S.K.: 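Dumping the structure here so I can ask a few things about it.
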Amino acid sequence: MNLILVTFIVLLAFTSYYFGRKKALVIQSSQRLTALPKFYGYYLAAWCAAPALIIFILWSVFEPSIVKTFILQDYTDQNLTKNELQLIYTKVKALALGNYSGNITNFLDASADKYIQLKGIANSAKVAIILAILIFSLSYAYRSVQKNDRMREPVEIFLKWVLFVASLGAVLVTIGIIFSLLFEAIRFFQAVKFFDFIFGTHWYPAKTFVRDGQPDPELMKDAFGAVPLFAGTFFIAFIAMCVAIPIGLLSGIYLSEYAGRGVRKYAKPIIEILAGIPTVVYGFFAALTVGPFVKEIGNAMGLEVSAESALAAGAVMGVMIIPFISSLSDDVITAVPQNLRDGSYAMGATKSETVKKVIFPAALPGIVGSILLAVSRAVGETMIVVMASGLAANLTMNPLESTSTITAQIVVILIGDQQFGDPKTQSAFALGISLFIVTLFLNVIALSVVKRYREKYE
Amino acid sequence: MLKDIGKNMNNFKQNLLKKRYNAERRFQWYGKIAIGLALSFLAVFMFQIFSKGYSAFQKTWIVTEVHYDKELLLIDAENPSKDDLENADYYDVAYKAMTSLDPGLPEEEDRQLIQMVSYKYETEVKDLLLKNPDFLGKIVPIKLTASDDVDQVHKGNYPRDIPEKNRRVNDYQLQIYDMLNERGDILSEFNISFFTSPDSREAELAGIASSFMGTVFSILVCLAFSFPVAVLAAIYLEEFAPKNKFTDFIEVNINNLAAVPSIVFGLLGLGVLLAVFNLPRSTPLVGGITLSLMTLPTIIIAARASLKAVPPSIREAALAMGASNMQTTMHHTVPLSMPGTLSGTIIGLAQALGETAPLILIGMVAFVNTIPGTPVDPAASLPVQIYIWSESAERGFVEKVSACIMVLLAFLILMNLAAQIVRHKFEKKWS
Amino acid sequence: MSKIKAENVNVYYGSKQALFDVSIDIAEKEVTALIGPSGCGKSTFLRCLNRMNDVIEICRVEGSIKMDNLELNSRKLDVVRLRENVGMVFQKPNPFPKTIYENVAYGPTIHGIAQSKEEMDQIVETSLKKAALWNEVKDRLDEIGTGLSGGQQQRLCIARAISVSPEVILMDEPCSALDPIATAQIEELIDDLKKEVTIVIVTHSMSQAARVSQKTGFFHLGKLIEFGPTDKIFKNPDNQQTQDYITGRFG
Ligand SMILES: Nc1ncnc2c1ncn2[C@@H]1O[C@H](COP(=O)(O)OP(=O)(O)OP(=O)(O)O)[C@@H](O)[C@H]1O
Ligand SMILES: [Mg+2]
């Protein structure tokens, strides 16, 4: 039904485009046109499609919730919880669509009938309203065309609005992220105290699993302490940076200051391949090769090493991050003006002295910015830790033990079927919003540092 | 040695100079070592993947003889129709085909032989007859898919010298395997089914067709959603946006969005697309939309950069001809910026292609043993397939994972090449 | 007495030749000015004298440049030691993004000239005094050098150059970014410095060349057209091109 309606609108828009153009040619015989004939076509087509489609979209967005309210009105006197209401509504819908398997009560049956009826009314109303709008807007536009009003300007203003709305897309995504995270996280914090989450040292959400009814508040209190996850996240990120900073920075410096054009031309893109490899591949590598390898070496030295050690996950993550640091610092160092280098060489400094004492300090803000960006990546990295580090949150500072991270826990909690409304599921969103805030903070600082640095040398 | 330049050269300075030159050499070495390390990580990595994965492109068959005995098949008709063959009972025939490899084996030990082929061997026996109805009543040779354990033994990936109780293939099975191998009844052929079969719980039957199609659909959906919006947004921001606080805000927003961890987009997909809009779970449609939100900023940034790269002289020329701003943009600037935009888009899609975490959250990890035909069928994607398989304990999956990684990397390399080619054309135009 | 003697110097940037057979004799403890239209190779020649052209990958220098009879244009020469003895001041002031003190102490530190903190303080003070900057900055030695005014920055760069007591200082249009007062200060400085060091200065200002230099060389299209005492070049040049350039009829 919807498809037919949309197709109809689109076809009508095309028709009106051709009609408008033809009309313009007719007008041309008697008076001067205000724009090229095709603008007459665009004008009609835009007036035809835009209002109808906007109404259509709004209708489609709001219709389900309105229907739902109507249906659930009959159940308000039963004192049901939100979840139960949701369940009933799902049943009603399934029954109405004919794919319900369960026992059918009279009440349910009546609701299903009502649902079908409501849907029918809604559908015909939708078609009627959209047809009315089509007729109205088309006749309005046709009148303007007949009067030979200005045609190009309205079309261009319309286009500009389309462009503007598209540019809001990114803002919408951000708003979507914030709301979807906040929505569930707030419900989580209704069940679990904020401070228990932020300062608690036990993370064991499986404990709260209860089939029916509410979980024991005592259990809840001790199950969602996120400190071990925050610690684990930064610990693994720290290990990763220990690998990535020296290697990345030194390669960046070598590439920008020492390497000849030939080496640079090949080495740089090859190193950047490391950044293009999907993280799940690193995860596989870490879990299957590096983890056991680290364990074997540790055991040979008489150490107790977990096969899912933080060290293995962190080291592999570090390798993944090398190219970020190397190419960002390469860029940053190349941006240091040549005359500083000249000044240092002219004093009789060697290349490494120039790098260490002049270029590096000059590039430091930019380098710090790129390291912060890399840290934010390490903190948000998921697959490597899901596959190679532990799944149990373990508050430890021993790189040979296993530990878990925010991202890994989100995946562990949400993999498979989720039950919305369960504090365990909601806790993933609380973790998500912590992750979002931390990375956003790092990014904002990093981007502004780098931007200021760029401006300094432009 | 060089002669002394000028004055003030003493012993102290001589030593210092030596030290300075040593420091210089050392520093250069650090740089070389760092680059060497980075490159060798890549090399080790590639070597590991290839050495583990190449064997997955070979499939192991066990050749035996099958007797399509009408009686055992329970076919009564004189001239059986296709339906009769379809509905016949192949259990005994298939069973006999395997047990005939060692007729002396006591009946209660038969399972050991049956375990040497895939559990679908009965279907294979059936399919051969359906394809060649004239085999009915005859004894013919047949290829059966070896079980993943035999497969791994044949490929040499499975150590034979560990104690029997730690081995999934026992001594008796090894003995049969050796006998067959000597007879030349173990075949190794190119593994077409790896590319044509959907996922399976059995390593020897699992293929990437389902996840490959999932990836293709997700990427197409991602492209369809992100490309138009991103290009329009870029045009607005680069060509029409007034310089004000709000524009700055949008810009900061885009830059920050590009650095948000991918898993957060997964939460967005779960919390909004699934929970609010009730889109179908586990499908490439939802996966693709989720990825498109993630790719949006990347494409916007690339598109803006290539719009910026269009020389202002072209804009001025068009404006001087009396074209409106909109016409100048749509007729001149945008077409000229397209190659750069496209190449940025391909790179953004390649990033999306490798994403795993957001897809896991929206349920694309479900076990799918059918090949999805539309974007609204449940599916996995190649990276998710890698994750699923690498969580499996069976040895046979290790090579499958590596092979799947090879396919994924090949896909990525192709996309990056495409981006390069598109960009190359672009560069030619300007110089 | 001759300090630097260049013979048949040819310089190439890739396949493009920038200097053709330049031969020149630079006298000790004198100021030698190099003048000529833009792009004629003055900077290129100047940079040969402390091997700064090494920094440019595509640049190739042929011919012989001798300082105190030591061949400068030789592979075996230690450029670090050469540059310790041949300082340079650039067109655009380029103090390091470090404190004023660190800027001046940079050379003495890397070359191990000062053995103690006191000695270093002494060197910094003397250099800044010689560069006529001491009074302006003595209370803010730990401020960042890039925060000074253009003229102060350039004098800081001069202080940096003289901190290692070089025998020769090369100056490439040191005043082109400065106002007349700052220019006058620097010219005064050059006059003072020439008591101890040999100075080679590239300038676009005829009057500056006339004021500060004892010898002048005129470059045109990569060739040294005329070289001689400043008085002679400005009052009575042998070459018509020099005459035209000096009187402003071309360039
Ligand atoms: N790094 C370089 N690469 C290529 N060519 C160069 C380079 N530096 C200078 N040149 C060329 O060498 C020639 C001489 O340049 P040089 O900088 O020595 O001129 P100049 O006399 O100092 O000019 P100005 O008075 O403008 O500073 C010019 O033609 C210039 O184009
Ligand atoms: Mg110059």
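In the text below, chain A, chain B and the rest are named by the order of the sequence lines, each starting its count at 1. Because the structure is a prediction, the values reported are computed rather than measured.
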S.K.: Among B/Phe265, B/Phe240, B/Tyr21, which residue has the highest count of heavy-atom pairs closer than 4.5 Å to chain A?
M.R.: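 Sorted descending by pairs with chain A, the first entry is B/Phe240.
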S.K.: Can you say whether B/Leu412 sits under 4.5 Å from chain A via the side chain, the backbone, both, or neither, judging by heavy atoms?
M.R.: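 Side chain only.
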S.K.: Any heavy-atom pair between the side chains of B/Phe249 and A/Val171 that's under 4.5 Å?
M.R.: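 Side chain of A/Val171 against side chain of B/Phe249, heavy atoms only: contact under 4.5 Å found.
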S.K.: Around atom CZ of B/Arg304, are there more than 12 heavy atoms of other residues, nucleotides or ligands at under 6.0 Å?
M.R.: yes
S.K.: Relative to chain A, which of B/Ile300, B/Asn416, B/Leu257 shows the most heavy atom pairs under 4.5 Å?
M.R.: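 Of B/Ile300, B/Asn416, B/Leu257, B/Leu257 has the most heavy-atom pairs under 4.5 Å with chain A.
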S.K.: Does CD belonging to B/Glu391 count more than 12 external heavy atoms closer than 6.0 Å?
M.R.: yes
S.K.: Would you name the heavy atoms of A/Val411 and B/Leu361 that are closest together and state the gap between them?
M.R.: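 For A/Val411 versus B/Leu361, the nearest heavy atoms are CA-CD2, 4.1 Å.
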S.K.: For residues B/Leu267 and A/Ser180, report the shortest heavy-atom separation together with the two atoms involved.
M.R.: O-OG, 4.4 Å
S.K.: Listed by chain and number, what are the ring pair (Phe, Tyr, Trp, His ring centres under 6.0 Å) partners of B/Phe41, not counting sequence neighbours?
M.R.: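 With neighbours one apart ignored, the set is empty.
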S.K.: Side chain from CB out, backbone as N, CA, C, O: work out which of these in A/Lys451 comes under 4.5 Å of a heavy atom of chain B, or both, or neither.
M.R.: neither
S.K.: Quick check on A/Ile410 against chain B: is it the side chain, the backbone, both or neither that has a heavy atom closer than 4.5 Å?
M.R.: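 For A/Ile410, heavy atoms of backbone and side chain both lie under 4.5 Å from chain B.
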S.K.: By a 4.5 Å heavy-atom criterion (distance strictly below it), what part of A/Val386 contacts chain B: side chain, backbone, both, or neither?
M.R.: side chain
S.K.: Checking an interface table here. Which of residues 248-258 of chain A come within a heavy-atom distance under 4.5 Å of chain B?
M.R.: A/Leu250, A/Ser251, A/Ile253, A/Tyr254, A/Leu255, A/Tyr258
S.K.: List in chain and number order the residues that pass side-chain contact (heavy atoms from CB on, under 4.5 Å) with B/Val44, two or more places apart in sequence or in another chain; answer none if no residue qualifies.
M.R.: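 For B/Val44 the side-chain contact (heavy atoms from CB on, under 4.5 Å) partners, ignoring immediate neighbours, are A/Phe285, B/Gln48.
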S.K.: Flag the one option from B/Gly354, B/Pro261, B/Ala230 with the top tally of heavy-atom pairs under 4.5 Å to chain A.
M.R.: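 Counting heavy-atom pairs under 4.5 Å, the top option is B/Pro261.
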S.K.: Rounded to the nearest 0.5 Å, how far apart are OG1 of A/Thr425 and CG of B/Leu270?
M.R.: 8.5 Å
S.K.: So, B/Glu24 side chain and A/Thr350 main chain: donor-acceptor pair closer than 3.5 Å or not?
M.R.: no
S.K.: Within the 4.5 Å heavy-atom criterion, are A/Lys160 and B/Asn325 side-chain neighbours or not?
M.R.: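 Sidechains of B/Asn325 and A/Lys160: no contact.
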S.K.: What are the two closest heavy atoms between B/Leu409 and A/Pro278, and how far apart are they?
M.R.: CD2-CD, 4.0 Å
S.K.: Which pair of heavy atoms, one from A/Ala349 and one from B/Arg20, lies closest together, and at what distance?
M.R.: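 Closest approach of A/Ala349 to B/Arg20: CA-NH2, 3.9 Å.
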S.K.: Check the pair B/Met326, A/Val155 against side-chain contact (heavy atoms from CB on, under 4.5 Å), reporting the backbone distance first and the verdict last.
M.R.: CA-CA 10 Å; B/Met326 185 63 75; A/Val155 169; over 6 Å; no
S.K.: For chain A, find which of B/Lys32, B/Glu355, B/Arg25 contributes the most heavy-atom pairs closer than 4.5 angstrom.
M.R.: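 If we count pairs closer than 4.5 Å to chain A, B/Lys32 comes out on top.
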S.K.: Counting heavy-atom pairs under 4.5 Å to chain B, which of A/Ser376, A/Ser167, A/Gly380 comes out on top?
M.R.: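 Heavy-atom pair counts peak at A/Ser167.
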S.K.: Side chain, backbone, both or neither: which part of A/Val290 has a non-hydrogen atom closer than 4.5 Å to chain B?
M.R.: neither
S.K.: Less than 4.5 Å apart, side chain to side chain, heavy atoms only: is that true for A/Phe284 and B/Ile49?
M.R.: yes
S.K.: If every non-hydrogen atom of A/Gly176 is compared with every non-hydrogen atom of B/Val272, which pair is closest and at what distance?
M.R.: O-CG2, 4.4 Å
S.K.: Can you find a heavy atom in the side chain of B/Ile263 that is under 4.5 Å from one in the side chain of A/Glu381?
M.R.: no
S.K.: Checking A/Phe164 now: which residues fulfil ring pair (Phe, Tyr, Trp, His ring centres under 6.0 Å) with it, not counting sequence neighbours?
M.R.: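 Here the qualifying residues are A/Trp161, B/Tyr236.
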S.K.: Verify whether one side chain among A/Glu156 and B/Ser324 offers a donor that lies under 3.5 Å from an acceptor in the other.
M.R.: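 Distance-only check passes for A/Glu156 and B/Ser324.
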S.K.: Relative to chain B, which segment of A/Ile177 carries a heavy atom at a distance below 4.5 Å: side chain, backbone, both, or neither?
M.R.: both
S.K.: Answer yes or no: is there a side-chain heavy-atom contact under 4.5 Å between A/Phe436 and B/Leu268?
M.R.: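 Side-chain contact under 4.5 Å: no.
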S.K.: Looking only at heavy atoms, which two atoms of A/Ala170 and B/Ile254 are closest? And how far apart?
M.R.: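 What the structure gives for the nearest pair is CB-CG1, 3.5 Å.
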S.K.: Quick check on the interface: out of B/Leu293, B/Val229, B/Leu42, who has the most heavy-atom pairs with chain A under 4.5 Å?
M.R.: B/Leu42
S.K.: Which bit of A/Tyr266 comes within less than 4.5 Å of chain B, counting heavy atoms only: side chain, backbone, both or neither?
M.R.: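 For A/Tyr266, neither part sits under 4.5 Å from chain B.
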S.K.: I'd like to verify something: which residue of A/Ile277, A/Ile433, A/Val263 has the highest number of heavy-atom pairs under 4.5 Å with chain B?
M.R.: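 Greatest number of close heavy-atom pairs with chain B: A/Ile277.
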S.K.: Pick one of side chain, backbone, both or neither for A/Thr382, based on which atoms fall under 4.5 Å of a heavy atom in chain B.
M.R.: side chain
S.K.: B/Tyr387 vs A/Ile415, test: side-chain contact (heavy atoms from CB on, under 4.5 Å). Steps then yes/no.
M.R.: CA-CA 12 Å; B/Tyr387 171 67; A/Ile415 201 165; 3.6 Å; yes
S.K.: What part of B/Glu239 lies closer than 4.5 angstrom to a heavy atom of chain A: side chain, backbone, both or neither?
M.R.: neither
S.K.: Between A/Leu447 and chain B, which part of the residue has a heavy atom less than 4.5 Å away: side chain, backbone, both or neither?
M.R.: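 When you check distances to chain B, only side chain atoms of A/Leu447 fall under 4.5 Å.
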S.K.: Does any non-hydrogen side-chain atom of B/Ile250 lie less than 4.5 Å from one of A/Leu168?
M.R.: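 A side-chain contact under 4.5 Å exists here.
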S.K.: Considering only heavy atoms and a distance below 4.5 Å, find which of A/Val162, A/Leu172, A/Thr174 pairs most often with chain B.
M.R.: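 Greatest number of close heavy-atom pairs with chain B: A/Thr174.
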S.K.: Using a cut-off of under 4.5 Å on heavy-atom pairs, state which of B/Ala23, B/Ala357, B/Ala258, B/Gly36 scores highest against chain A.
M.R.: B/Ala357
